[in-house]
Amino acid sequence: MKNNFYTLFLLSLLVFGVQAQTRRTSVPLQHGAHRIGNRTDVDMERWRQHGLGQFIHWGVYAILGGFWEDKCYPGAAEWIRSWKEMPKDAYDNLYKQFNPISFDAKAWARQAKQMGANYVIFTTKHHDGFCLWPSRYTDYTIAHTPYRKDVVKQIVDAYTAEGIDVHLYFSIIDWNHKGYRSAVPETRQDSIAYESFKAFTRNQLVELLTAYPEIKGLWFDGSWDKAWINEAAWVDALGLELRNLHPGLIIGSRFRADEYGKRHYDSNGDLIDDYDQTWERDLPDSMEDLHGSDWDCVMTVPENQWGYHSEWKGYVKTSYDLLEMMVKAVSMNGNFVLNFGPDGKGNIRSEEAKLAKEIGDWMKINSEAIYGTSHSNVRKQDWGYFTQKGNKLYMCVFNRPINNLLKIEIPKGGVKPVKAYFLEDNKETEIQNAGKNKRNSSLYHVVIPASYKTDHPFVILLETKENVKEEGEYQQAKI
Ligand code: FHN
């Protein structure tokens, strides 16, 4: 009896203990997540398979390239207006000089395609408020520059023609609009001003979706102000309006907060909107960090420069670094988005062109390991990363072991490897049975021939007898 009671107690601890760990709190929310778990529709499935994207930060800040009167702004170039050394008037009149005569949207799109990007996120308007499309709600647009032509349209057309999906970046912060406030309005005057800003923001978003119906998503930014967070109900309604206007529209977690001011994940811990947008210049350490959500990682080439800065300081990432980040992101079910900051004339800088070429060369051989693949439940090893699709396990090798043996651990009852070959030349390579470990997992070695020489990360495709179970515990945890 005592024993039975003890077993029951243990069982309930186990059941309720585990539940307590995974159970959400349940705060009644009207403006939190409107869905539990990831979207399953075709548009989102397409987004999920992208693997690699391009980010482009372009605007009038590119004219300055991080310099004002020979003084170098140490911050991110697109923030130069906020620098105390930068006269606001001078900045706000820069657009009168914006004439990017070298801009060639088709060439940019071709280069992105060659790099292997499946989508682009393009800055329609950054925090300075300058619009690269001829918005009818402000004069601070491309239409009033010497260049005059609609840049957003050229980007949408050129990238769409290359088969690259377009997502439009839109900053909620708008330093140019008179009604913009960062703090919650306290006076009647501020409230009236902020209402005009809200209407303006809504109008611009409707305008973008109407003018460029081909786009797939809106990538919001600058939504951290208290004033915007305080508008949870209104922003939520706006989101619904935008989704109704543009079925399939993809919006990340930076757009709105819940009614308690919680951003990205609501007060119940559920993801707000379609994917987690918190991974900026940073990658998760483990799947637990991701809560089973769709996510993207946006990455700069130097430490923290998005717009064009003529002097990149500090460490500048190499294609090797960026490829490893991309593979790591994809191996954890994320998309990797690499930023480009063209100059004021519309040239992609040579360092970025070189990276695009190097990444593209690698992708030409190995993109099968990136597109449409996902996280593998096969335990990660120090030599690199696994991605998987059905019965295909892609071994993406970044740290070649000195003994040339790539260890693989298949848990008890797991799939059996049958064939391994290099993606670059389809050359088969040996799989050795390496016994079992203490966990009773089957160990294998995939052998890299000693004669194999390379200065690049490489991929070996390991085919297994049956499909590797794709649904990971982390996906299931969300449902
Ligand atoms: O302030 C911006 C920054 O300039 C850049 O646009 C990045 C891109 O994700 N977003 C903001 C910082 O989070």
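Start at 1 with the first residue, then count along the sequence. Both ligands and their constituent atoms are indexed starting at 1 by order of listing. FYI, side chains are in, hydrogens and waters are out, and symmetry mates aren't considered; it's all heavy atoms of this structure. None of the values given here were measured: they were computed from a predicted structure.
For K317, the side-chain contact (heavy atoms from CB on, under 4.5 Å) criterion is met by M299, T300, Y315, D321, L322, M325, not counting sequence neighbours. Taking R39 as the reference, D41, D274 meet the side chain to side chain donor-acceptor pair (under 3.5 Å) condition, with sequence neighbours excluded.
With W279 as the partner, the side chain to side chain contact (heavy atoms under 4.5 Å, CB included) test is satisfied by one option alone out of D296, V298, V337, D289: D289. Of the listed residues (R263, R256, R254), just one forms a side-chain hydrogen bond (donor to acceptor under 3.5 Å, both in side chains) with S223, and that residue is R263.
Side-chain contact annotation: Y394 with E368, donor-acceptor N/O pair under 3.5 Å present.
Contact residues of ligand 1 (protein heavy atom closer than 4.0 angstrom to a ligand atom; sorted by chain and number): H57, E78, W79, H126, H127, Y169, W219, D221, W224, R254, E280, V298, W306.
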Indicate every side-chain donor-acceptor pair of residues 360-367 with a distance under 3.5 Å to a residue at least two apart or in another chain.
unit_1	atom_1	unit_2	atom_2	d
D361	OD1	K357	NZ	3.1
D361	OD2	K357	NZ	2.7
W362	NE1	P457	O	2.8
N366	ND2	W362	O	3.2
S367	OG	M363	O	3.2

